[in-house]
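Down below is the structure, laid out as structure tokens.
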Protein chains: 2
Amino acid sequence: MRLIKNPEERRNEILDAAEILFVTKGYTKATVMDILQACSIAKGTFYYYFQSKEEVMNAIVMRFILNGEASARRVVSDPNLNAHDKIFRIIMAQNQPDDNKLGLIEQLHHVQNVEMHQKSLVETVLRLSPILAEVVEQGIEEGVFHTPNPKESIEFLLVSSQFLLDQGIFQWEEDQLLKKVEAFAHITERVLGAEQGSFAYVTRLYFPHQA
Amino acid sequence: MRLIKNPEERRNEILDAAEILFVTKGYTKATVMDILQACSIAKGTFYYYFQSKEEVMNAIVMRFILNGEASARRVVSDPNLNAHDKIFRIIMAQNQPDDNKLGLIEQLHHVQNVEMHQKSLVETVLRLSPILAEVVEQGIEEGVFHTPNPKESIEFLLVSSQFLLDQGIFQWEEDQLLKKVEAFAHITERVLGAEQGSFAYVTRLYFPHQA
DNA sequence: GTCTATAGTAGGATAGAC
DNA sequence: GTCTATCCTACTATAGAC
């Protein structure tokens, strides 16, 4: 009953099976045995490809984040967009991932998956901040932003929005969240030294049904 | 060999032993067995008092956070301090807890227990933000701060500093960290609408050996 | 190098006798 | 309330087939 497969293929089989299991049962409840059964492999095979269950989770989250990074890069490399447009589109792209990824996000927001969740937020910040910093520098040249620390300012804004506005970490009521998003637009303008009101559209992105 | 003790006493024995073990060996490496041996109790007894090893860590962290909250409240209620002084002292108090608590902090910053770590950061934000918001409002009345969203601004500043500057979440090189702290002082001034340079002292608090 | 099978360790957690 | 015995699962080790 020995089936030898292309290592790449096998690795992806394990990842795919694990992703489904993590999303449906949750990371903690999904056992390594579940994964083995789903791919019909032996334990040794699993540990031949991955050092631990956690490493599998890492790889899944990475696949997801690299997607977001790629789409952000596409926006930045468009020579016809100004800094404000680019930021708008990058935010849009991050908030509208493929439909089949929504389950993973929802899974990340469940209490049982704090580890996976935090890792994904951290990775998002690390990968998006250099890209967005580039856009801020473009904005400084265009004269619409004014800050001596583009990179640090973006990191600060990314971290605060990613963590504070995440309903898996802080559970805010809808009206509290609306206030925070409005304040965030305001804060962004101050931190980046942008014109007052220039980020007001962010509220409409997060709360399309409002005003 | 059956020794029956006052439940309160036994509970505290377990907590104290666990705290020492978590600090010396680290949360993950310290096993429940270690705790049992340190208190000379059986496994069943441990799980009679706590539902899990994590719950023990939770209790330890809570003891620590309530301390920080209390000292912040003492500062705020001092009628002789202006807003800038209060913020300075609150930051000082948070960064210089009792000596016997330093190990715990270091542990939180190193340990792989993301769930517990995040819980402590979230709890810190939730407990400190109303207190600091009060100080910001005082500063607005004193004319040194200018912001339409005192509470939200403080929340954003707290979250970004707590998470971004946490060496357990992001691992920055020392020089990167210095840059971020400097930028954070700058950003704080902008967000709170404070005079430029009025938060420059923060860098010296975090890096006493610099400049 | 890729895979199976199996046995075993360690640590977190539970059940039930006393 | 306390104990002993046991379970569950992540993970390791090994021996060997292709």
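Convention: sequence-line order gives letters A, B, ...; per-chain numbering from 1.
Here D:dT4 presents its C1' atom at 18 Å from OH of B:Y48, a figure rounded to the nearest Å. Atoms CZ (A:F46) and P (C:dA5) sit 17 Å apart, rounded to a whole Å. To the nearest angstrom, P of C:dG11 lies 12 Å from CD1 of B:I35. Atom CE of A:M33 is separated from atom P of D:dC7 by 16 Å (rounded to the nearest Å). Rounded to a whole Å, the CD1 atom of B:I14 is 15 Å from the P atom of C:dG12. The CG-P distance, from A:L3 to D:dA17, rounds to 19 Å in whole Å. In this structure, A:F50 atom CZ and D:dA10 atom C1' are separated by 16 Å, rounded to whole Å. When the P atom of D:dC3 is taken as reference, atom CD1 of B:I41 falls 7 Å away, rounded to whole Å.
Taken to the nearest 0.5 Å, the CD atom of B:Q162 stands 7.5 Å off from the OG atom of B:S120. A distance of 4.5 Å separates CD1 in B:I169 from CD in A:Q118, rounded to the nearest 0.5 Å.
The phosphate of C:dC3 has OP1 or OP2 within less than 4.0 Å of a side-chain N or O from A:R10.
For B:K53 against C:dG11, a side-chain-to-base donor-acceptor contact under 3.5 Å is absent.
Distances were taken from every side-chain heavy atom of A:Y49 (C-beta onward) to each of D:dT2, C:dT2, D:dC11; the shortest belongs to C:dT2. The listed nucleotides are C:dA13, C:dG1, D:dT2; the one nearest the side chain of B:K43 is C:dA13. For B:Y47, the side-chain atoms get nearest to C:dA13 when compared with the rest of C:dC3, C:dA13, D:dT2. If you check D:dT4, D:dT2, C:dT2 against the side chain of A:P7, the one that comes closest is C:dT2. Listed nucleotides C:dA13, C:dC3, D:dT2 differ in distance to B:T45; the shortest reach to its side chain belongs to D:dT2.
Using a 4.0 Å cut-off between a side-chain N of Lys or Arg and a carboxylate O of Asp or Glu, B:E137 and B:K151 do not qualify as a salt bridge.
In this structure, B:H84 has its ring center under 6.0 Å from that of B:F145.
In this structure a side-chain-to-backbone donor-acceptor pair under 3.5 Å is present from B:Q138 to B:L81.
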